[in-house]
Amino acid sequence: MVTTAANKDKSVLSGLARCLVQDGLLDEEAALRANDEAQKAKLPLVSYLVEHKILDSYSIAESASREFGIPLFDVNAMDMDLIQTKRVDEKLIRKHHALPLFKRGNRLFIAVSDPANLQALDEIKFNTGLNTEAILVPVDKLAAAIEKALDAGDGGVMDDLSGDDDLDNLEVTAGEEDLKDDAADSEVDDTPIVRFVNKILLDSIKRGASDVHFEPYEKMYRVRYRMDGILQQVASPPVTLANKIASRIKIMSRLDISERRVPQDGRMKMTLSKNRAIDFRVSSCPTLFGEKICVRLLDPTSAQMGIEALGFEDEQRDLLMKVLHQPYGMVLVTGPTGSGKTVTLYTGLNILNTADRNISTAEDPAEINLPGINQVNVNEKAGLTFAKALKAFLRQDPDIIMVGEIRDIETAEIAIKAAQTGHMVLSTLHTNDAPQTLQRLANMGVAPFNIASSVSLIIAQRLSRRLCKHCKKPVDIPTEALLRAGFTEEQVKKGLKVYGPVGCDQCNGGYKGRVGMYQVMPISETTARLIMEGANSLEIGDQAKKEGISDLRQSGLRKVAQGVTSLEELNRVITE
């Protein structure tokens, strides 16, 4: 009997590939080719087909459900808290791309995207001692459900942490000295609590969070990360553990665990390796149902990423570099809390930090430790104010002085005198834009002549989320809306392309990381004259426009036109 080529190919095909050919979704040649390529890439066939857009995940699942007689299930309708991730080793779940959904009697129902993968069901059966039954879920929905279920399991259940030895070996110290208070330690000598807090902090570093919030409420307790400026809930431990979690963090940061009626501030450090340690700034605040703890991550490497990575336009960067290398003057960075002022200042300090310069900083508290810079923590209770620290610096033969924040007239006047007497001074203020900063100094009581003769450059800034480069896509926005947003008719006519978020496995809802939007305003002779004449912020702003200085909105629109961020993100950060 002669075997035709087609029959030979059919005999090679098996499992899901044969099912797709029989249903007419693939021809035999394409199925064989996809099977071979998937094996070379070490991917399941279904993942290969979806990733390379040969077939969509739902069509594959629908075909497999019919051919294998296995129910198709909407995993999004499942309560993630009920999923049986504890019953199966995480390595098995990830290896076989299979998620244990629920148990009935001695049967465990497993979500799979390829029902022909009998090895997965057999290994899970051996691992759990339960009979296994497959339930079909489209591969992309299954991948998302696995990540969500495993994340929820990590954060919400204390005894799930018992197998991770790295959590025990983490070296965590208080801000100023090691933890030696045995009496305090004994109050929360609870290994699951210790491991839970360590895991939350370690995961916050891995996921690039800027802050971690531990929040108690009447009937719930939640842990949230601020990632790319947006808060996301990551865990919900039992509310009965609220006091133990707060006490553990307070011990780690050398706070008084017996005092729960007033806010406290502390610091701790987590050593990850010989070359990397992360500092955490800790703040506790009493609420109705316990202490809310906010932990801010302070990564020293953020000051060393270079000025090019911050988001300055070329002309803005040139202006800043020119002023930084002047022998004297004042650079002010303004913006709301969380707008990246500290990173901008430290990036500038890092550029100036050479062996031939004496640099001193006064902060409340020092957020990033930089070798070669003399950093002082302001301590109001002990009488060490910004003004006193500045006076001390001026007797220490300084070249460059950084003041964490100008809060009062005394600090402002000393900083201005330092800038006028041959020192470079860097500091921050909380104002909305650059022109308002000059008016704020005047309102504090600083003489207009002193402002005009000392301030060299003002940087106003905001942080917006970056669009993910892997999944961003062009969006169609009406011309009227683009013009109303601030784009010019010329930009729109030239074929302005605006991008929007999509979302993929490499980002957070279509965004990954953040980028700065800046207004960089040097003080020209004309602006200095306006200041001395008592001009208000509107008049100074008009003069800045005449000099070609982009305001924050215009800077943001350039980022949108470059495809760096989206128009909706710009509108969230900076109003029209």
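The figures here come from the full heavy-atom set of this structure, side chains too, leaving out hydrogens, waters and symmetry mates.
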Say you draw a straight line from [atom1] of [X] to [atom2] of [Y]; how long is it, rounded to the nearest 0.5 Å?
X	Y	atom1	atom2	answer
Leu241	Ser247	CG	OG	11.5 Å
Cys507	Arg466	SG	CZ	14.0 Å
Leu320	His325	CG	NE2	9.5 Å
Leu438	Ile451	CG	CD1	6.5 Å
Ile373	Leu349	CD1	CG	4.5 Å

Original post:
Excluding sequence neighbours, so at least two apart, what forms side-chain contact (heavy atoms from CB on, under 4.5 Å) with Pro336?
Top reply: Ser339, Arg462

Original post:
Taking only residues two or more places apart in sequence or in another chain, which ones pass side-chain contact (heavy atoms from CB on, under 4.5 Å) with Cys294?
Top reply: Asp211, His213, Lys292

Subject >> Lys559 to Val515 - nearest heavy-atom pair and separation >> reply: CE-CG2, 3.8 Å

Please tabulate, one pair per line, all N/O donor-acceptor pairs under 3.5 Å involving side-chain atoms of residues 383-395, not counting sequence neighbours.
unit_1	atom_1	unit_2	atom_2	d
Thr385	OG1	Lys388	N	3.2
Lys388	NZ	Gly383	O	3.4

Check side chain to side chain donor-acceptor pair (under 3.5 Å) between [X] and all other residues, then give those that pass, not counting sequence neighbours.
X	answer
Asp356	Thr354
Lys250	Glu291
Arg440	none
Gln562	Glu313

Between [X] and [Y], does any side-chain donor sit less than 3.5 Å from a side-chain acceptor?
X	Y	value
Thr344	Gln461	yes
Asn450	Gln420	yes
Thr431	Gln436	no

Taking only residues two or more places apart in sequence, or in another chain, which ones meet [X] in a salt bridge (charged side-chain N to carboxylate O under 4.0 Å, His left out)?
X	value
Arg465	Glu569
Asp364	Arg407
Arg281	Glu367
Asp551	none

Original post:
Is it true that atom OH of Tyr328 has more than 12 heavy atoms of other residues, nucleotides or ligands lying nearer than 6.0 Å?
Top reply: no

Original post:
Between Lys199 and Asp203, is there a side-chain N and carboxylate O pair less than 4.0 Å apart?
Top reply: yes

Original post:
Between Thr334 and His430, is there a donor-acceptor pair closer than 3.5 Å when you use the side chain of the first and the backbone of the second?
Top reply: no

**OP:** For Tyr518, check ring-ring contact (aromatic ring centres under 6.0 Å, His included) against everything at least two apart and list the hits.
**Re:** Phe312

